[in-house]
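Scroll down for the structure; my scribbles are underneath it.
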Amino acid sequence: MAESKMAETLLEVDGIETCYGLSQVLFGLSLKVKSGEMVALMGRNGMGKTTTIRSIMGMTGARSGTIRFAGEQVRSLPSYKIAKLGIGLVPEGRQIFPNLTVYENLVAASGNRAGNSDPWTIDKIHALFPRLAERGNNMGVTLSGGEQQMLAIGRALMTNPKLLILDEATEGLAPLIREEIWNCLSMLKGRGQSVLVIDKNVANLSRIADRHYIIERGRTVWTGTSEQLIAEPDLQHRYLGI
Ligand SMILES: Nc1ncnc2c1ncn2[C@@H]1O[C@H](COP(=O)(O)OP(=O)(O)OP(=O)(O)O)[C@@H](O)[C@H]1O
């Protein structure tokens, strides 16, 4: 049943504090993603969204608090172990492998550890983003920004993640490509994929995300559903500068 599936917490971040050297960026930040949910993380530049993702992934370890993923405590695990538990990351700046071909980028970390009954395959990724099939033999470095983002999403999906995280899903992309990425996210939500997404487009986020967290100076200052976010335009003005 969708109801009982929605009730299961996949990711639970509770009271994390994260620093870069002596500079503390997160001050007791908490959030949750339930199975099958699409959750948005919003906030103005520099408020700690990327640092939250880096903390979850173990790239910049949180010094306190708890992070549980799929029932396991992951706060002090190395990044590769956290990824293997089933988190697919589409990082800020995409970070595709520039000296591998598009095809090699897609298959480099592919797998189905979670035992997804309808796993992503290269053919399905090509059907989702036909441009990646056309450019299969091209080196990553030759791709446009939009193609790189499609590749980064395709690469993350090829790991068949329990949770897909996108940091700046559509930042810096041309309008048509942005639309393609939003359509892709809608389709993923329809498939029941759990997603944590950072983006600045509140209109699109409130169209497809189930819940939202607004971060201000390393703390969660608001959380609610899309309906609640739309009903409070003042919030967008106060915390998002819109
Ligand atoms: N490697 C780093 N070393 C020191 N400070 C950092 C580092 N990375 C980020 N910061 C600082 O941490 C704070 C939060 O940055 P973060 O990138 O998490 O914000 P953000 O909300 O993702 O913003 P943006 O939308 O600009 O990406 C900022 O003040 C930033 O300058």
Side-chain angles (χ1 to χ4, degrees), residues 11-33 38-67 69 74-80 82-83 87-96 145-146 148-149 152-153 156 163-175 177-178 181-182 185 194-209 211-224 226 229 232 234-242:
L11 173 71
E12 181 162 20
V13 175
D14 190 14
I16 57 167
E17 301 198 345
T18 304
C19 306
Y20 294 104
L22 293 176
S23 163
Q24 185 166 352
V25 173
L26 301 186
F27 297 85
L29 186 133
S30 303
L31 64 86
K32 262 187 206 176
V33 181
M38 184 172 289
V39 172
L41 200 52
M42 299 190 285
R44 275 194 282 256
N45 289 345
M47 292 300 164
K49 302 179 299 294
T50 296
T51 305
T52 302
I53 303 302
R54 291 185 62 84
S55 304
I56 293 167
M57 296 304 298
M59 294 150 85
T60 302
R63 69 172 191 191
S64 63
T66 56
I67 306 176
F69 177 70
V74 300
R75 178 160 72 83
S76 45
L77 291 184
S79 290
Y80 77 96
I82 298 172
I87 304 185
L89 175 65
V90 179
E92 193 174 23
R94 290 126 207 170
Q95 296 172 30
I96 57 160
Q148 286 187 25
Q149 185 66 338
I153 294 172
L163 175 67
L164 178 69
I165 300 182
L166 299 104
D167 190 350
E168 302 288 9
T170 65
E171 178 87 355
L173 302 179
I177 308 279
R178 284 182 180 214
I181 303 294
W182 289 115
L185 290 178
S194 313
V195 178
L196 177 62
V197 56
I198 295 178
D199 201 83
K200 295 195 170 64
N201 191 321
V202 179
N204 278 320
L205 285 175
S206 43
R207 192 164 49 82
I208 62 170
R211 288 189 307 112
H212 306 260
Y213 287 91
I214 299 180
I215 296 185
E216 172 99 337
R217 295 198 190 91
R219 294 176 178 87
T220 310
V221 290
W222 185 86
T223 180
S226 290
L229 181 66
E232 289 188 66
D234 185 45
L235 274 178
Q236 300 182 32
H237 180 65
R238 196 171 352 144
Y239 294 121
L240 306 172
I242 294 165

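Both ligands and their constituent atoms are indexed starting at 1 by order of listing.
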Item to complete: Give a yes-or-no answer on whether the side chains of T18 and T51 include a donor-acceptor pair shorter than 3.5 Å.
Response: no

Item to complete: Heavy-atom cut-off of under 4.0 Å around ligand 1: list whichever protein residues fall inside it, by chain and number.
Response: Y20, V25, R44, N45, G46, M47, G48, K49, T50, T51, E92, E168, K200

Worksheet item: How would you list, by chain and number, every residue that makes a salt bridge (charged side-chain N to carboxylate O under 4.0 Å, His left out) with E92, sequence neighbours excluded?
Response: none

Worksheet item: Are there more than 12 heavy atoms of other residues, nucleotides or ligands under 6.0 Å from atom CZ of R217?
Response: no

Worksheet entry | By salt bridge (charged side-chain N to carboxylate O under 4.0 Å, His left out) - contacts of E232 (at least two apart) | none

Item to complete: Can you see which heavy atom on L196 is nearest to which on L163, and at what distance?
Response: N-CD1, 3.9 Å

Discussion item. Tell me every residue that passes side chain to side chain contact (heavy atoms under 4.5 Å, CB included) with A152, counting only those two or more places apart in sequence or in another chain.
Written reply: V90, R94, I96, Q149

